[in-house]
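Encoded as structure tokens, the structure appears first; notes follow it.
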Amino acid sequence: MTRTPVNVTVTGAAGQIGYALLFRIASGQLLGADVPVRLRLLEIPQGLKAAEGTAMELDDCAFPLLRGIDITDDPDTGFDGANVALLVGARPRTKGMERGDLLEANGGIFKPQGKAINDHAADDIKVLVVGNPANTNALIAQAAAPDVPGERFTAMTRLDHNRALSQLAARTGVPVSEIRRLTIWGNHSATQYPDVFHAEIAGKNAAEVVDDRTWLADTFIPTVAKRGAAIIEARGASSAASAANAAIDHVHTWVNGTAEGDWTSMGIPSDGSYGVAEGLISSFPVTCKDGVYKIVQGLDINEFSRTRIDASVKELEEEREAVRALGLI
Ligand SMILES: NC(=O)C1=CN([C@@H]2O[C@H](COP(=O)(O)OP(=O)(O)OC[C@H]3O[C@@H](n4cnc5c(N)ncnc54)[C@H](O)[C@@H]3O)[C@@H](O)[C@H]2O)C=CC1
Ligand SMILES: O=C([O-])CC(=O)C(=O)O
């Protein structure tokens, strides 16, 4: 039986992350080794030529699952029939730009894209926002798409989750595969909170295995939270291959499910769980099954975690107020 190809739209397709992402989508790593895909590359006019070059290379890979590539600078065409949308293209902060300017510039991107998704995407559309500030950009796109169920708009904190797994594995001398149930809470920013209190290392409580709150507070948390800046400092450019890898992981898990007994982290609209104000797009521990995610309930939040979750949620509330004041939501 031949399956109908899944339409995957990637914005910012000619950028760094796009270049690391598209080949992996086309090879079947996003959705599965038996799922054909059709790619839609959405760029701004200046990015179209480079996107065409990338499309030529995609052709030259002769990926058996790749059933077509469309390139456009028109959001209505780019999201037409989209089943999965990866919103990667964003306006980076440039010299002299205030946070409010950045939010406003990104509003000019994510509001029309949200509307185009609302009007043209397939009914089963799933959206992942990667472009920063990812959580609030997702909120802007969601607000512009009132006909799409709000929970389909998600923001990427999987890179933070993977960074935390790797740091914890290095500290405790176990392979990453031995660690389960780690959580990133809050915003994809320096206020995010990587939580090991419910995590398990080879079946034992991770906080007890580490047994060093000073290391958690002064080394682990800031290393994970500031990793993006450290990569920029070392590489002279922001994380691209690891960000693309996390985007693949996020969508793959959302569509194909979390492993039995494990969970992952996704930026999703809050339903008020764990005291996170309803509607904010904040990172939570989630399980996924049959293309639907659910917040893990019933975790005890200790004082150490509570103050850190609250600080990140406060930042998200401030970002929401700022985009509300700008009329973006
Ligand atoms: N959530 C996360 O964990 C991470 C997020 N990021 C963010 O991802 C974004 C992209 O990063 P890179 O690929 O390295 O940037 P880049 O600057 O290399 O590429 C961005 C691309 O987006 C395009 N673009 C700009 N406006 C657009 C629009 N309105 N429609 C379609 N395309 C548009 C640009 O032409 C460019 O080709 C940045 O905002 C970055 O901060 C990066 C790493 C991790
Ligand atoms: O800070 C950036 O632009 C890149 C980023 O989000 C990260 O690496 O986590």
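Order of listing sets the numbers, starting from 1, for every ligand and every atom in it. Starting from 1, each residue takes its place in the sequence as its number.
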Quiz item: Pick one: which of Arg320, Glu319, Glu318 meets side-chain hydrogen bond (donor to acceptor under 3.5 Å, both in side chains) with Thr136?
Solution: Glu319
Quiz item: Any idea which protein heavy atom is nearest atom 27 (C) of ligand 1, and the distance to it?
Solution: Ile44 CG2, 3.4 Å
Practice problem: For His198 and Thr183, test the side chains for any donor-to-acceptor distance below 3.5 angstrom and give the result as yes or no. | Solution: no
Quiz item: Which atoms of ligand 1 are found less than 4.0 Å from any heavy atom of Ser238?
Solution: 14 (O)
Exercise. State the atoms of ligand 1, each with its element, that fall below the 4.0 Å cut-off from a heavy-atom position in Gly12.
Key: 21 (C), 22 (O), 23 (C), 31 (C), 32 (N)
Quiz item: Using 30° and 60° as the class limits, which term best fits the ring planes of Tyr274 and Phe284: parallel, tilted or perpendicular?
Solution: tilted
Quiz item: For ligand 1, does Gln113 get within less than 4.0 Å through its side chain, its backbone, both, or neither, judged by non-hydrogen atoms?
Solution: side chain
Self-check item: Identity and distance of the protein heavy atom lying nearest atom 36 (C) of ligand 1
Solution: Glu43 OE2, 3.5 Å
Quiz item: Taking heavy atoms and a distance under 4.0 Å, where does Ile231 meet ligand 2: side chain, backbone, both or neither?
Solution: neither
Self-check item: Donor-acceptor contact present, side-chain Ser166 to main-chain Arg163, <3.5 Å
Solution: no
Quiz item: Is it the case that Gln167 and Thr223 place a side-chain donor and acceptor less than 3.5 Å from each other?
Solution: no
Quiz item: Will you find, in the side chains of Ser312 and Trp185, an N or O donor that is under 3.5 Å from an N or O acceptor?
Solution: no
Quiz item: So is Ser239 polar-close to ligand 2, meaning N/O to N/O under 3.5 Å?
Solution: yes
Exercise. Of the side chain and backbone of Ile17, name the one, both, or neither that has a heavy atom under 4.0 Å from an atom of ligand 1.
Key: both
Self-check item: For atom 5 (C) of ligand 1, closest protein heavy-atom neighbour
Solution: Val130 O, 2.9 Å
Exercise. Enumerate the atoms of ligand 2 whose separation from the nearest heavy atom of Gly228 is less than 4.0 angstrom.
Key: 7 (C), 8 (O), 9 (O)
Practice problem: Give the residue and atom name of whichever protein heavy atom lies nearest to atom 20 (C) of ligand 1, and the separation in Å to one decimal. | Solution: Gly15 CA, 4.2 Å
Exercise. Verify, without hydrogens or angle tests, whether Gln142 (side chain) and Phe153 (backbone) share a donor-acceptor contact under 3.5 angstrom.
Key: no
Quiz prompt | Contact check, Gly47 vs ligand 1, heavy-atom distance below 4.0 Å | solution = no
Quiz item: For Glu315 and Ser189, does a side-chain donor sit closer than 3.5 Å to a side-chain acceptor?
Solution: yes
Practice problem: Consider ligand 1: state whether an atom of it lies below 4.0 angstrom from any non-hydrogen atom of Ala240. | Solution: no
Self-check item: Top protein contact for atom 2 (C) of ligand 2, by heavy-atom distance
Solution: Asn132 ND2, 3.8 Å
Quiz item: Counting each atom of ligand 1 from 1 as listed, which ones have a heavy atom of Val88 under 4.0 Å away?
Solution: 8 (O), 9 (C), 10 (C)
Quiz prompt | Salt-bridge criterion met for Glu317 and Lys314 (N-O under 4.0 Å) | solution = no
Exercise. May I ask you to decide if Glu151's main-chain N or O and Tyr293's side chain share a donor-acceptor pair within less than 3.5 Å?
Key: yes
Exercise. Note the single closest protein heavy atom to atom 1 (O) of ligand 2, along with its residue, its atom name and the distance in Å.
Key: Ile232 CD1, 4.0 Å
Quiz item: Between Phe304 and Phe197, does a ring-ring contact (aromatic ring centres under 6.0 Å, His included) hold up when you go through it step by step?
Solution: CA-CA 10 Å; Phe304 183 96; Phe197 286 96; 5.4 Å; yes
Quiz prompt | Polar side-chain atom of Thr253 near backbone of Thr258 as donor-acceptor pair, under 3.5 Å | solution = no
Quiz item: For ligand 1, which atoms, with element, lie under 4.0 Å from some heavy atom of Leu159?
Solution: 3 (O), 44 (C)
Quiz item: How about atom 17 (O) of ligand 1: does it have a protein heavy atom within less than 4.0 Å?
Solution: no
Practice problem: Check Gln16 against ligand 1 and report side chain, backbone, both or neither, counting heavy atoms closer than 4.0 Å. | Solution: both
Quiz item: At a 4.0 Å cut-off, with the gap strictly under it, does some heavy atom of Arg163 reach an atom of ligand 2?
Solution: yes
Quiz item: What atoms of ligand 1 come closer than 4.0 angstrom to any heavy atom of Ala243?
Solution: 43 (C), 44 (C)
With a cut-off of 3.5 Å and sequence neighbours excluded, list every side-chain donor-acceptor pair involving residues 74-89.
residue, atom, partner, partner atom, Å
Asp74, OD1, Asp76, N, 3.2
Asp74, OD2, Thr77, OG1, 2.7
Asn83, OD1, Asn7, N, 2.8
Asn83, ND2, Asp124, OD1, 2.9

Quiz item: Can you list every salt bridge (charged side-chain N to carboxylate O under 4.0 Å, His left out) pair that touches residues 207-228, not counting sequence neighbours?
Solution: Arg171-Asp212
Quiz item: Under 3.5 Å, N or O to N or O, is Gly89 touching ligand 1 that way?
Solution: no
Self-check item: Side-chain donor-acceptor pair present, Tyr19, Glu57, cut-off under 3.5 Å
Solution: yes
Quiz item: Got the closest protein heavy atom to atom 29 (N) of ligand 1, with its distance?
Solution: Ile109 CG2, 3.4 Å
Quiz prompt | Close-contact set for ligand 1 against Ser239 heavy atoms, below 4.0 Å | solution = 43 (C)
Self-check item: Protein residue, atom and distance nearest to atom 31 (C) of ligand 1, heavy-atom basis
Solution: Leu42 O, 3.5 Å
Exercise. Could you see which bit of His188 sits under 4.0 Å from ligand 2, with heavy atoms only: side chain, backbone, both or neither?
Key: side chain
Quiz item: Could an N or O of ligand 1 be found under 3.5 Å from any N or O of His188, whether backbone or side chain?
Solution: yes
Quiz item: Just by modelled atom types, is the Glu200 backbone N or O under 3.5 Å from a matching donor or acceptor in the Arg181 side chain?
Solution: no
Quiz item: Under a 4.0 Å heavy-atom limit, does Asn132 contact ligand 1 with its side chain, its backbone, both, or neither?
Solution: both
